[in-house]
Every structure is written in structure tokens, then in C-alpha cells.
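Heavy-atom basis, side chains included; hydrogens, waters and symmetry copies ignored.
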Amino acid sequence: MHTNHFARKLFLAAPLCLFAVGCGGDPMMDETLSGEAPAGEAVTETATPVAPEDASLATSEQAVTLGGTYWWGTSNNGLTSTAIGTSTGRTCFLTGIQGNLKGTSWASAGVYQYAGNWQLFVNHTNSKALGTGVQCLNTATNRTAEMAWYKGQAAKLLGAVTADRRCFLTQVEAAGGFTSNSDYARVWNDGNNWYLGGNLGASGGARAICVDVPTAQGGWLWIAGYPGTFTHNLDYNPGGVACLLSGIGGNFSTSDFNDGVSIDYNSGTRYWEMTVSNSKRGWSNCVK
């Protein structure tokens, strides 16, 4: 069954599979963001894998279990949040942003650490729908401090590239940014270092964390046409694969929990999937 987090105001799920992991990054792509791929097509670093007929479901000795799947959304003004469990031995990242980041002051959504726990949150003053999806992983090995990047700043150094380091977004913030199709924020590596940066036409930014996970499975960029929403495969999961957001872009000014970017797991096909709407784009990296 395909689990679509757009349809829920709060979704607290058990781990999606027993052996999933998750933190990945993709090398910096040198495409021009205003036209790197036709709407509805993907730019990928590796071809979308085909499920092997004899895919083994055995555990991997290096695999890390998922630590919970969550979604939180509200149109209520102010900071609304909920604790989603310990930050000890556990790291949480974005899997989706849906709705309206446009307002007269800062709007933000995602996850942060507070008093030894992870907090899932939405914060805005525009009385519009805004939601976020988060996936937690049962690992904190060599976890880096959270870094923030904002419009006008140079790309922020997250850490050196190592054999196991993977980096993902934890929050997205806007005060005029993320209202154009060309706006985006993402993490990448250049073979030497991991960075957080992007391009925004007005105020906004994003936050990211890195953690060690053994194997990178590849990276994907999906872009929606306008108008319209589509869902497309990321990585096949023979056991021990997870996919998270490494970047997000587009015009987030619609008050609709179904309008945005989201990564979900389809247990019926054993594929991780990304859903994108109305010219928005999402970068995902998958790991095992």
C-alpha cells in the first residue's frame, strides 16, 4: 500500500522495514537550475535500478534500522511542534515540505533537537496550510552539528567527504524565498567537502546535518510540470535501503497539504518514491 503523508496532520509510523538506513548526498550537479531537465523528467547520477528477480531480503551486517516516519501539518499560526523521540543514537531528516512558506514574516518547517529529543515542527504566521515529513534513522555515528545557510551567504561547509559520511536537509525557512520556480536549497559534495547552499530570490534558507551511513545508492532530481502532480520511483528496496531529501526547490505559496515535495515508501512495489507538484523540484539520495 502506498503511504502518502500529504493526507495526514500527524502520522507516527513504525519503521517501514527492518533493515532500512538512510543518509546520503550526491555530487554537485553542474546543470543550470532554471532548465536542467524538461518538466516531469529526472536528472539522475545513476540509472533508476531495476528490481532484480531474485533480490535477496537478507539483512546487511552494516544496515541501520529506520527510527520512525512522521508527518506534521497545520494552518494554525505560531510554532506548533511535537516530540518524536530521543536524539541519542538517532538522527532525523526531511522527507517532505508541502503547502505555503509565503508570508509577512519567517515561515519554517522540519525537525530540530531540543532537550535530548527530536522535535517535529511547523512555524508560520500566514494562517495557511504548511506541512513537513521527517524520517528518523537509528544512528548518530559521527553526527555533525547542524549548519544553516541563508540567501546572500556563501555555501556552508558541512564537513570533509569521508567513505561513510552522508548529509541531508533538516529544515527549510523562508521570508519571501521559495516563491519562485528557480528558488532552491540543497546539500552536495564536490569530492572533497560537503556543502549546504542554493539560490533564492528573497530571504530564506535551509539547515542540514551529516551522519555516517555505509553505502550510497545514488541520487535523483525530479521536477514537476505545471500544473500537475506526479509520483516516480527512486531506489528499489531489496532490504536495507532508505531515501531522504538532499534538496528542495520551487514556489511554495499554495495553501494545500497536497502541494509540495514528498518522499514515501511504497511497500506494494518495494520502491521508494517521490511526489512533486506544480513545477516544484526535489533532490533525493538513497543509501544502504
Would you indicate whether the side-chain heavy atoms of [Y] and [X] approach each other to under 4.5 Å?
{"X": "Phe252", "Y": "Val172", "answer": "no"}
{"X": "Glu146", "Y": "Thr170", "answer": "yes"}
{"X": "Pro238", "Y": "Lys288", "answer": "yes"}
{"X": "Trp220", "Y": "Asp235", "answer": "yes"}
{"X": "Thr132", "Y": "Val122", "answer": "yes"}
{"X": "Leu245", "Y": "Met274", "answer": "yes"}

For the [atom1] atom of [X] and the [atom2] atom of [Y], what is their distance to the nearest 0.5 Å?
{"X": "Ile263", "Y": "Cys243", "atom1": "CD1", "atom2": "SG", "answer": "6.5 Å"}
{"X": "Cys210", "Y": "Arg166", "atom1": "SG", "atom2": "CZ", "answer": "10.5 Å"}
{"X": "Asn123", "Y": "Trp106", "atom1": "CG", "atom2": "CH2", "answer": "11.5 Å"}
{"X": "Thr275", "Y": "Asn258", "atom1": "OG1", "atom2": "CG", "answer": "10.0 Å"}

Problem set entry | Residue from Thr69, Val111, Leu244 passing side-chain contact (heavy atoms from CB on, under 4.5 Å) with Val134 |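 Only match with Val134 under side-chain contact (heavy atoms from CB on, under 4.5 Å): Val111.
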Exercise. Which residue, Val187, Asn189, Asp190, forms the side-chain contact (heavy atoms from CB on, under 4.5 Å) with Tyr195?
Worked result: Asp190
Are side-chain N/O atoms of [X] and [Y] paired as donor and acceptor at under 3.5 Å?
{"X": "Asn278", "Y": "Asn251", "result": "no"}
{"X": "Ser284", "Y": "Trp222", "result": "no"}
{"X": "Asn77", "Y": "Thr125", "result": "no"}

Considering all heavy atoms of both residues, which atom of [X] and which atom of [Y] are nearest to each other, and what is their separation?
{"X": "Trp118", "Y": "Ser87", "value": "NE1-CA, 3.2 Å"}
{"X": "Glu173", "Y": "Ser108", "value": "CG-CB, 3.7 Å"}
{"X": "Ile97", "Y": "Ala109", "value": "CD1-CB, 3.9 Å"}
{"X": "Ala185", "Y": "Trp149", "value": "CB-CZ3, 4.2 Å"}
{"X": "Ala160", "Y": "Trp194", "value": "O-CD1, 3.9 Å"}
{"X": "Cys286", "Y": "Leu234", "value": "SG-CB, 4.1 Å"}

Between [X] (side chain only) and [Y] (backbone N and O only), is there a donor and an acceptor less than 3.5 Å apart?
{"X": "Asp183", "Y": "Gly201", "result": "yes"}
{"X": "Thr215", "Y": "Val287", "result": "no"}
{"X": "Asn138", "Y": "Leu66", "result": "yes"}
{"X": "Asn126", "Y": "Lys102", "result": "yes"}
{"X": "Lys156", "Y": "Ala148", "result": "yes"}
{"X": "Arg281", "Y": "Val261", "result": "no"}
{"X": "Tyr114", "Y": "Gln119", "result": "no"}
{"X": "Ser203", "Y": "Gly176", "result": "no"}
{"X": "His232", "Y": "Val276", "result": "no"}
{"X": "Gln135", "Y": "Gly68", "result": "yes"}

For this session: Under the side-chain contact (heavy atoms from CB on, under 4.5 Å) rule, what do Asp259 and Thr229 come out as? Steps first, then yes or no, please.
Result: CA-CA 8 Å; Asp259 190 309; Thr229 296; over 6 Å; no
In one Ile/Leu/Val/Met/Phe/Trp/Tyr side-chain cluster, 4.5 Å: [X], [Y]:
{"X": "Phe121", "Y": "Tyr70", "answer": "no"}
{"X": "Val211", "Y": "Val161", "answer": "yes"}
{"X": "Trp188", "Y": "Leu157", "answer": "yes"}

Problem set entry | From CA spacing to verdict: side-chain contact (heavy atoms from CB on, under 4.5 Å), Leu130, Asn100 | CA-CA 5 Å; Leu130 179 61; Asn100 193 317; 5.6 Å; no
Exercise. Is the Trp272 ring parallel, tilted or perpendicular to the Tyr265 ring (thresholds 30°, 60°)?
Worked result: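 Tilted, since the angle between the ring planes falls between 30° and 60°.
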For this session: Kindly state whether the ring of Trp283 and the ring of Tyr184 have centres lying under 6.0 angstrom apart.
Result: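 For Trp283 and Tyr184, the ring centres are under 6.0 Å apart.
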Problem set entry | Trace of the side-chain contact (heavy atoms from CB on, under 4.5 Å) decision for Arg165 with Leu158 | CA-CA 10 Å; Arg165 178 167 285 163; Leu158 299 175; over 6 Å; no
Exercise. Between Trp72 and Thr80, does a side-chain contact (heavy atoms from CB on, under 4.5 Å) hold up when you go through it step by step?
Worked result: CA-CA 9 Å; Trp72 181 256; Thr80 59; 3.1 Å; yes
